[in-house]
Protein chains: 2
Amino acid sequence: MTNPPFNSAPRSVQEQVRQFESVRTAHQSEMVEDYVELIADLIHLTGSARPKDIAERFGVAQPTVTKNLARLKREKLILHEPYRSIQLTEEGRQLASSCRKRHRTVVEFLIALGISPSVAEHDAEGIEHHVSDETLRVFRAFTHDKKP
Amino acid sequence: MTNPPFNSAPRSVQEQVRQFESVRTAHQSEMVEDYVELIADLIHLTGSARPKDIAERFGVAQPTVTKNLARLKREKLILHEPYRSIQLTEEGRQLASSCRKRHRTVVEFLIALGISPSVAEHDAEGIEHHVSDETLRVFRAFTHDKKP
DNA sequence: ACTCAAAGTTAGCTTTGGCTAAATTACTTA
DNA sequence: TAAGTAATTTAGCCAAAGCTAACTTTGAGT
């Protein structure tokens, strides 16, 4: 109940710097990960991932999607020629798959903790990009123990 | 162990849109929250929060700090005249305090879960901006139960 | 009281990810 | 098969948050 009002154990400045840098780095990959995951979903669900649908899901204008797809293509995660359909590359598929696993791990963990499914889904969306491998392992173990 | 390979329960599109929007919104307040919290820390630790020190802690160039302080001032979270010292407003102090509480809640929860302190500290930095009140309450309850 | 180094700011550039409006392409259907 | 509509892209704008280089101010130490 009684938290010390200020950071009492000031880990080294370098360590803190590394943390902030890694948060900034994570932000740069968030967009890519969210897109690849949604594209995989849409292909699975409807047979194709159209910019229109991507825009609608993200709540964003279509030209924004076009612009971001260029980045995915630059990073060799999708195949995409103007006006043609979007395909994931092998690398894109793998990234999508690991993102989805991570997403589910976080959601299931939060639910196992007792958080309502809709809030779990919501919070997972923001949290998933910032969870280290160690934390992910602990999440999985916890969920597994809770409902064997 | 056997996760469905795709999102099986496709919550409504609107709900998903709201989630992505709220993640984008959270990103916009992250900087503000991190700054206010660090400024409070520095004032407490050293008596003042100098742009130099803020830059060093965040691993960022000084002019970046100057620019961001302008935003904090615009949002009435700090008092700051050029070349003069930085003060938190009442609103700034309150924001700093609630951010710090939230940060500690997340760190302590992760540690209670069994995650190593340094990784807990690291992950919390990214996670803290994306946890809802409901999740925060559950985190607190869990930590409290673990070590009474 | 002056000087000068350190701190802080300004100017101006870059990238990222939003947007709208306008142009282009593809597809359907009459 | 030709036209019209819907989808997509292009062009060009904005704001945020990073950077370097150059300038200004402060204040500490002779």
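Chain identifiers are assigned alphabetically (A, B, ...) following the order of the sequence lines, protein sequences preceding nucleic acid strands; residue numbering begins at 1 within each chain.
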Nearest to the [X] side chain among [options], which nucleotide is it?
X: Tyr83(B); options: dG8(C), dT10(D), dT24(C); value: dG8(C)
X: Arg71(A); options: dT16(C), dG18(D), dC19(D); value: dT16(C)
X: His80(A); options: dA17(D), dT9(D), dC19(D); value: dT9(D)
X: Pro51(B); options: dT20(C), dG17(C), dT9(C); value: dT9(C)
X: Met31(A); options: dT20(C), dA7(D), dG17(C); value: dG17(C)
X: Arg50(B); options: dG12(C), dA7(C), dT8(D); value: dA7(C)

Determine the contact category for [X]: base if any of its heavy atoms lies under 4.0 Å from a base atom, sugar-phosphate if only primed atoms, P, OP1 or OP2 are that close, otherwise nothing.
X: Lys52(A); result: sugar-phosphate
X: Pro63(B); result: base
X: Val65(B); result: nothing
X: His27(A); result: nothing

Please give, in whole Å, the distance from [N] [atom2] to [X] [atom1]?
X: Lys67(A); N: dA15(D); atom1: NZ; atom2: C1'; result: 12 Å
X: Phe20(A); N: dG18(D); atom1: CZ; atom2: P; result: 11 Å
X: Phe58(B); N: dA17(D); atom1: CZ; atom2: P; result: 12 Å
X: Asp53(B); N: dA7(C); atom1: CG; atom2: P; result: 9 Å
X: Arg24(A); N: dT14(C); atom1: CZ; atom2: P; result: 21 Å

- Query: Does a nitrogen or oxygen in the side chain of Arg84(B) sit under 4.0 Å from OP1 or OP2 of dG27(D)?
  - Reply: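 Affirmative; the distance criterion is met.
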- Would one find a side-chain N or O of Thr64(A) under 4.0 angstrom from OP1 or OP2 of dC19(C)?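 The answer is yes; a side-chain N or O of Thr64(A) sits under 4.0 Å from OP1 or OP2.
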- Task: Before giving the answer on side-chain hydrogen bond (donor to acceptor under 3.5 Å, both in side chains), spell out for Ser132(A) and Thr135(A) the whole-Å C-alpha distance, their side-chain angles and the decisive distance to 0.1 Å.
- Result: CA-CA 5 Å; Ser132(A) 64; Thr135(A) 300; 3.2 Å; yes
- Message: Exactly one of His130(B), His122(B), His27(B) should register a ring pair (Phe, Tyr, Trp, His ring centres under 6.0 Å) with His130(A). Which one does?
- Response: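 Running ring pair (Phe, Tyr, Trp, His ring centres under 6.0 Å) over His130(B), His122(B), His27(B) with His130(A) returns exactly one hit, His130(B).
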- Counting N and O atoms only, with roles assigned by atom type, does the side chain of Ser97(B) sit under 3.5 Å from a partner on the main chain of Arg93(B), one being a donor and the other an acceptor?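 Pair absent, no side-chain N/O of Ser97(B) close to backbone of Arg93(B).
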- Message: Using the rule that Ile, Leu, Val, Met, Phe, Trp and Tyr join whenever any side-chain heavy atoms are under 4.5 Å apart, tell me whether Leu136(A) and Phe142(B) fall into a single cluster.
- Response: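 Both belong to a single hydrophobic cluster.
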- Item | Aromatic ring proximity His103(A)/His129(A), centre distance under 6.0 Å | no
